[in-house]
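Sequence positions, counted from 1, serve as the residue numbers for this chain.
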Amino acid sequence: MQIVTDTLIPNDILFWRRRRSLNQRQFALALGLSRYRISCWEQGRTLPSWENLNRIADLFGCNISQLYRNTKIYELLFWAEPETKEASK
């Protein structure tokens with residue numbers, strides 16, 4: 001699980017955010033979250049909850065499985081405990 005939070009998930013979130021030309025603040029505002037939470041995701045300190053994954057997918061006009069460019073990540077996410085560390089809104 002460590003490899004997922006260290007590199008793959010943060011890279012995919014960053015990929016989608018940059019693809020839409022959003023900075024962390026803009027991305028956070030669009031999701032109704034704090035910039036700190038986005039930063040935690042992109043640094044691999046926490047994982048988005050299923051609710052937040054749905055918000056991200058809606059924002060980018062795709063489904064959750066399409067958010068992750070690597071199918072293995074989606075499979076691992078299914079079993080992961082999201083947002084394991086408290087990140088304030």
Side-chain angles (χ1 to χ4, degrees):
M1 186 59 185
Q2 194 65 31
I3 190 169
V4 174
T5 58
D6 282 349
T7 58
L8 300 173
I9 292 171
N11 288 341
D12 285 332
I13 291 172
L14 183 63
F15 168 82
W16 281 95
R17 180 175 64 77
R18 287 186 174 167
R19 185 174 183 186
R20 289 292 175 106
S21 301
L22 297 172
N23 62 36
Q24 284 184 344
R25 182 180 171 280
Q26 293 166 326
F27 187 43
L29 286 173
L31 295 173
L33 302 170
S34 68
R35 191 198 64 76
Y36 176 75
R37 183 164 294 201
I38 304 305
S39 176
C40 286
W41 295 344
E42 291 182 357
Q43 292 175 19
R45 295 191 319 217
T46 62
L47 297 174
S49 66
W50 282 108
E51 178 183 346
N52 285 329
L53 285 173
N54 280 316
R55 287 180 179 173
I56 294 168
D58 288 345
L59 179 66
F60 294 132
C62 64
N63 62 47
I64 292 175
S65 64
Q66 292 170 321
L67 281 177
Y68 297 98
R69 298 171 289 158
N70 180 333
T71 307
K72 184 70 173 169
I73 298 192
Y74 179 71
E75 293 168 6
L76 290 171
L77 268 178
F78 182 75
W79 298 105
E81 289 186 32
E83 303 205 20
T84 54
K85 295 179 186 172
E86 185 63 32
S88 62
K89 273 191 167 184

Chemist: If we check side-chain contact (heavy atoms from CB on, under 4.5 Å) with W41, which of these qualifies: N52, D12, L14?
Modeler: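 Testing W41 for a side-chain contact (heavy atoms from CB on, under 4.5 Å) against N52, D12, L14 leaves exactly one candidate, N52.
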Chemist: Taking all non-hydrogen atoms of both residues, which atom of R35 and which atom of A28 are closest, and how far apart?
Modeler: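 Minimum heavy-atom separation between R35 and A28: N-CB, 3.6 Å.
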Chemist: Do R37 and L31 come within less than 4.5 Å of each other through their side chains, counting heavy atoms only?
Modeler: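 R37 vs L31: side chains apart.
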Chemist: Just how far is it from atom CD1 of I38 to atom CD1 of I13, taken to the nearest 0.5 Å?
Modeler: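 One gets 7.5 Å once the value is rounded to the nearest 0.5 Å.
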Chemist: Looking at SG of C40 and CG of L33, how far apart are the two atoms once the value is rounded to the nearest 0.5 Å?
Modeler: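 Spacing of SG (C40) from CG (L33) equals 11.5 Å.
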Chemist: Checking R17 side chain against L22 main chain: does a donor-acceptor pair fall under 3.5 Å?
Modeler: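 Yes; judged by distance alone, with no hydrogens or angles, the pair exists.
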Chemist: For R20, which residues count as a side-chain hydrogen bond (donor to acceptor under 3.5 Å, both in side chains) partner, sequence neighbours excluded?
Modeler: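 If we apply the side-chain hydrogen bond (donor to acceptor under 3.5 Å, both in side chains) test to R20, skipping adjacent residues, there are no hits.
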Chemist: So F27 and F60, would you call those rings parallel, tilted or perpendicular, with 30° and 60° as cut-offs?
Modeler: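 Geometry flag for F60 against F27: parallel rings.
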Chemist: Who passes side-chain contact (heavy atoms from CB on, under 4.5 Å) against N63, sequence neighbours left out?
Modeler: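 So N63 forms a side-chain contact (heavy atoms from CB on, under 4.5 Å) with S65, Q66.
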Chemist: L29: what forms a side-chain contact (heavy atoms from CB on, under 4.5 Å) with it, not counting sequence neighbours?
Modeler: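 Expected list: R25.
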